[in-house]
Structure formats: C-alpha cells, structure tokens
Trainee: 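Just passing along the structure, written as structure tokens.
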Amino acid sequence: MTISNETAHAVAQKHTQRLFGTKDALLAQVDHIMLLVASPEEAQESLDQAMRNGTIPWLRLSATGLRRLMLEAVAFGLFLWDAELLMDVELHHGR
C-alpha cells in the first residue's frame, strides 16, 4: 500500500467509525438481531425493524447523494495523489 492509500484508508476508517461505531460493534449488533430468525424473510424484517427503531445506525442516500459522495471521494483521492507526488518530487529532487 502506498502512503496515500494508507492515509486515505485511515481517514475513511476514522470517519466511518465516528458515524457508525466500530465494525466489530456493528457486527455484534447485527449478530444479536439475527440470533432468533428462522428465514431470510425474518432476517430482513428484523434488520429493517432494527434500523427503523434506531437499534442499528444506518444512512440513506438518494442517487444524487451517492453520486456526490463518490465525487467527493474521487476529489479527496486526487488531492492525496497530488500531495504524494509533490512530496516525492521534493524528496527526490532536494527542493
């Protein structure tokens, strides 16, 4: 992994954890809800109910919102790419 990939991953993970909590905590919540279901339909209904009553955090995005989120991610990635290239030039060319 390059520096920009590691940095982007760390930033994305930090923001995701602030929004939804840790992955392990979220998976534990989902596992707890799924313990008593007997069918895929019951599993879906239990998950839907948990999201409706706030037991499990979730995020709803419209198509436009998802598009904007993707464009923001691309812009952030390009910013990191440019910063890494600048650092590479400065480190190797002694500016």
Side-chain angles (χ1 to χ4, degrees):
M1 217 184 266
T2 66
I3 293 172
S4 62
N5 288 344
E6 291 173 7
T7 304
H9 182 267
V11 169
Q13 187 173 24
K14 181 186 250 184
H15 287 288
T16 302
Q17 286 180 359
R18 286 184 181 160
L19 183 61
F20 294 109
T22 65
K23 180 178 73 171
D24 292 336
L26 184 59
L27 288 174
Q29 290 173 329
V30 171
D31 285 345
H32 178 72
I33 289 168
M34 295 298 157
L35 284 176
L36 304 174
V37 298
S39 70
E41 293 79 18
E42 284 182 27
Q44 186 63 53
E45 181 57 36
S46 293
L47 202 53
D48 289 344
Q49 181 63 33
M51 289 188 298
R52 277 193 301 273
N53 68 22
T55 304
I56 294 178
W58 61 285
L59 178 66
R60 177 182 289 189
L61 291 173
S62 65
T64 302
L66 181 58
R67 182 172 185 241
R68 180 173 179 190
L69 183 64
M70 295 302 295
L71 290 172
E72 293 280 347
V74 169
F76 181 70
L78 289 172
F79 168 76
L80 288 177
W81 179 269
D82 287 345
E84 186 174 345
L85 288 175
L86 178 63
M87 291 303 297
D88 189 47
V89 167
E90 290 190 19
L91 287 173
H92 288 97
H93 296 295
R95 286 187 179 185

Trainee: Check the hydrophobic clustering (I, L, V, M, F, W, Y; side-chain heavy atoms under 4.5 Å; chains of links allowed) and say if Ile56 and Met34 are grouped together.
Mentor: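 Result: yes, single cluster for both.
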Trainee: Check salt bridge (Lys or Arg N to Asp or Glu O under 4.0 Å) between Glu45 and all other residues, then give those that pass, not counting sequence neighbours.
Mentor: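 Scan of Glu45 (salt bridge (Lys or Arg N to Asp or Glu O under 4.0 Å), adjacent residues dropped) gives Arg52.
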Trainee: To the closest 0.5 Å, what do you measure between OG1 (Thr55) and CD1 (Ile33)?
Mentor: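 Reported value, rounded in 0.5 Å steps: 5.5 Å.
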Trainee: Which is it for Val37 and Gln44 under the side chain to side chain contact (heavy atoms under 4.5 Å, CB included) test, yes or no, and what are the steps along the way?
Mentor: CA-CA 9 Å; Val37 298; Gln44 186 63 53; over 6 Å; no
Trainee: Does Phe76, at its CZ atom, have more than 12 non-hydrogen atoms belonging to other residues, nucleotides or ligands within less than 6.0 Å?
Mentor: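 Check passes, neighbour count above 12.
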Trainee: Could you report the tightest heavy-atom contact between Leu36 and Glu42, atom names first, then the distance?
Mentor: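 Between these two residues, the closest heavy atoms are O-OE1, 4.1 Å.
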Trainee: Can you tell me how far the CG atom of Leu66 sits from the CG atom of Leu71, to the nearest 0.5 Å?
Mentor: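 Output value for this atom pair is 9.5 Å.
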Trainee: Please list all pairs passing the salt bridge (Lys or Arg N to Asp or Glu O under 4.0 Å) test where one or both residues lie in residues 69-80, with sequence neighbours left out.
Mentor: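 As it turns out, the salt bridge (Lys or Arg N to Asp or Glu O under 4.0 Å) pairs with a partner in residues 69-80, which skip direct neighbours, are Arg68-Glu72.
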Trainee: Within the supplied structure, the quantity of interest is the number of heavy atoms (other residues, nucleotides, ligands) at a distance under 6.0 Å from Met87 CE; does it exceed 12?
Mentor: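 No, CE of Met87 has 12 or fewer neighbouring heavy atoms, counting only those of other groups under 6.0 Å.
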Trainee: How many angstroms lie between atom CH2 of Trp58 and atom CG of Asp48, to the nearest 0.5 angstrom?
Mentor: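 Going from CH2 on Trp58 over to CG on Asp48, the span is 9.5 Å.
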Trainee: According to side-chain hydrogen bond (donor to acceptor under 3.5 Å, both in side chains), does anything in residues 21-35 pair up with another residue at least two apart or in another chain? List the pairs.
Mentor: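 Residue pairs passing side-chain hydrogen bond (donor to acceptor under 3.5 Å, both in side chains), neighbours aside: none found.
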